[in-house]
Participant: 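Encoded as structure tokens, here's the structure I'll be asking about.
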Amino acid sequence: MRSIYSLLALAVFLFGCAEPPTYDVVLTGGRVIDPASGLDAVRNVGIQGRTITAVSEDELRGVAQFDVSGLVVAPGFIDLHRHGDSPANYRAQIYDGVTSSLELEIGVVDVAAWYGERDGVTPVNFGAAASHPYSRDVVMFGRSTGLAANETSDKPASPEQIAATVERIETGLEEGAVGVGFGIVYTPGINAEELQAAFGAAARAGAPAYVHIRADPGDFSNLDEVFAAAEATGASLHIVHVNSSGGDRALQYLERIQAARDRGLDVTTECYPYNRGSTAIDSHQYDDWESYSDEKFAAFTWVDTGESLNRESFAKYRALGGTIISPATYSLETVKALVAHPMTIIASDGMWLTNGRAHPRTFGTYARVLGHYVREEQALTLNEALTKMTIQPARRLEHRAPMMARKGRLEVGADADIVVFDPATVIDVATFEDPARYSTGFRHVFVNGVPTLQDGAFVEAAAGGIGIKAESE
Ligand SMILES: [Zn+2]
């Protein structure tokens with residue numbers, strides 16, 4: 001039974017002037033940009049629990065109020081492609097405006113365990129693909145060797161091995177994986193039969209195939225190979241990092257992808273805003289290393305120490321294994337054109353940290369697009385850039401993971417994944433020589449309503465991230 005005091009308190013609320021706050025959090029006076037709806041105007045944003053419940057010109061009252069006038073308020077960024085998935089990686093991504101972080105290029109070995117380890121303790125939303133290369137390694141080699149080459153990765157699989165690989169992929173899909181990841185360049189033994197069998201598993205689950213295609217052969221057969229598998233099976237297809245896969249021919253790759261779309265294939269692609277790549281030094285990508293010139297060796301960077309290499313140190317580290325940054329093989333003009341192209345989604349390809357270090361894309365991809373390519377180079381507009389970071393990747397995921405229809409948007413009913421940044425100062429500061437530096441210019445980041453970056457500082461206890469998974473039917 002209600003006491004007289006609570007009735008009195010209610011009377012004060014009803015007839016007095018002190019209305020209780022309606023929202024948990026209110027962001028006041030920011031420039032709200034929602035690329036999905038085209039909204040770009042000063043609005044107040046109200047959050048209740050994990051949901052955006054008001055986007056309004058009216059004054060809103062929150063338990064916590066943030067004055068964000070002069071700042072941009074946008075949906076949190078969705079990174080379809082990054083590898084490093086440690087707490088330190090996630091923290092770097094929060095400083096770069098990312099609220100959903102997915103490993104889709106290669107995927108993970110044990111999907112259920114991977115999601116389980118992150119549940120309830122992760123500051124960003126997280127998701128992964130079932131892995132073709134790791135499944136193949138377990139079947140053919142007995143264990144996964146990551147991106148490093150092993151005795152079987154350049155050998156064709158037998159029909160029994162293909163069936164066993166597909167079975168592992170299917171297990172991952174049943175456990176909720178949001179795609180199937182392929183690194184054909186790392187498993188060059190894969191043939192059309194194996195590719196089609198694995199694409200078939202993706203198609204049956206309504207999950208896209210996320211593919212690192214073979215190195216550029218000069219005739220687009222690396223693209224045509226995956227188009228053929230998509231066509232034969234009906235799988236959706238996403239070509240990762242068209243910048244490093246296509247190099248200075250990447251704009252022609254986009255034309256070829258557009259032609260495939262015009263034929264009715266569901267194909268998308270992405271890029272990161274740098275002209276140097278990074279991968280395992282002992283992968284098949286560097287099988288021809290003994291033929292390199294002294295200048296070429298010197299253009300490689302060993303991530304661990306930042307040193308540039310020579311024939312002796314390359315040989316030593318290749319035997320040891322570890323991560324390398326490759327020489328620039330395409331121009332910054334190409335990078336600029338790719339970042340600005342309407343088809344490309346921005347994705348970081350962020351890497352595992354060694355000694356806290358990795359390719360600078362791990363730390364600075366999103367701030368680099370917003371600060372360097374939007375503000376300094378004016379290669380694209382702020383709205384265009386945000387489209388590539390929010391609604392485009394959300395739409396790529398939504399068919400397989402319908403929960404993504406509530407992300408990548410800043411509207412009533414959407415999940416409160418929000419970034420607040422200063423468009424006049426946002427910039428990457430990570431470099432190839434000194435990569436372990438957080439982007440600057442992001443003021444606040446909310447993940448499902450949980451303040452995760454506040455006044456430019458990471459909130460240590462934040463764990464608002466949820467697993468991005470396929471929902472069981
Ligand atoms: Zn890759």
Side-chain angles (χ1 to χ4, degrees), residues 79-85 89 93 101-109 127-137 144-149 153-154 178-190 195 198 202 208-217 222-223 225-226 237-247 249-250 253-254 257 267-287 300-301 303 321-330 334-335 338-339 344-354 358-362 365 393 396:
D79 188 357
L80 295 181
H81 176 184
R82 60 102 206 91
H83 303 290
D85 52 12
N89 280 105
Q93 291 220 280
S101 174
L102 298 101
E103 157 62 285
L104 299 180
E105 179 197 25
I106 300 293
V108 300
V109 182
S131 176
H132 168 269
Y134 295 167
S135 300
R136 184 186 207 270
D137 277 355
S144 164
T145 54
L147 302 182
S153 42
D154 58 350
V178 291
V180 180
F182 292 82
I184 301 179
V185 80
Y186 302 108
T187 55
I190 188 170
L195 196 60
Y210 293 84
V211 186
H212 181 153
I213 56 177
R214 289 183 210 271
D216 183 30
N222 53 344
L223 277 174
E225 172 184 46
V226 289
L237 171 64
H238 181 85
I239 310 279
V240 303
H241 50 50
V242 71
N243 53 305
S244 56
S245 287
R249 285 155 45 80
Y253 275 47
L254 292 186
I257 293 169
V267 194
T268 52
T269 191
E270 62 175 53
C271 68
Y272 57 81
Y274 299 86
N275 71 340
R276 297 180 66 184
S278 180
T279 192
I281 191 174
D282 47 349
S283 79
H284 279 296
Q285 290 211 23
Y286 306 121
D287 280 352
F300 281 94
T301 304
V303 166
T323 313
I324 202 166
I325 296 171
S326 55
T329 51
Y330 48 101
T334 294
V335 175
L338 292 173
V339 166
T344 56
I345 290 168
I346 303 300
S348 74
D349 197 4
M351 297 294 282
W352 299 276
L353 303 173
T354 47
H359 188 295
R361 69 194 186 202
T362 311
T365 286
R396 174 74 296 187

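Note that ligands are numbered from 1 as they come in the structure, with each ligand's atoms numbered from 1 the same way. Remember, it's a predicted structure, so these values are computed and weren't measured experimentally.
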Participant: Quick one: list whatever passes salt bridge (charged side-chain N to carboxylate O under 4.0 Å, His left out) with D85, sequence neighbours left out.
Facilitator: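 For D85 the salt bridge (charged side-chain N to carboxylate O under 4.0 Å, His left out) partners, ignoring immediate neighbours, are R118.
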
Participant: Under 2.8 Å from the Zn ion (ligand 1), which protein N, O or S atoms are there? Could you list them by chain and number?
Facilitator: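 Less than 2.8 Å away from the Zn ion (ligand 1) sit E105 OE2, H212 ND1, H241 NE2.
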
Participant: How would you list, by chain and number, every residue that makes a side chain to side chain contact (heavy atoms under 4.5 Å, CB included) with D216, sequence neighbours excluded?
Facilitator: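 Checked D216 against side chain to side chain contact (heavy atoms under 4.5 Å, CB included); matches are N222, R249, Y253.
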
Participant: Report yes if the distance between the aromatic ring centroids of Y186 and H212 is under 6.0 Å, otherwise no.
Facilitator: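 Between Y186 and H212, the centre distance is under 6.0 Å.
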
Participant: With Y134, which residues qualify under ring-ring contact (aromatic ring centres under 6.0 Å, His included), at least two apart?
Facilitator: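 With sequence neighbours excluded, Y134 shows a ring-ring contact (aromatic ring centres under 6.0 Å, His included) to no residue whatsoever.
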
Participant: One pair to check against side chain to side chain donor-acceptor pair (under 3.5 Å): S153 and H284. What are the steps and the verdict?
Facilitator: CA-CA 9 Å; S153 42; H284 279 296; 2.9 Å; yes

Participant: Side chains of Y274 and R361 only: does a donor on one sit below 3.5 Å from an acceptor on the other?
Facilitator: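 Short answer, no.
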
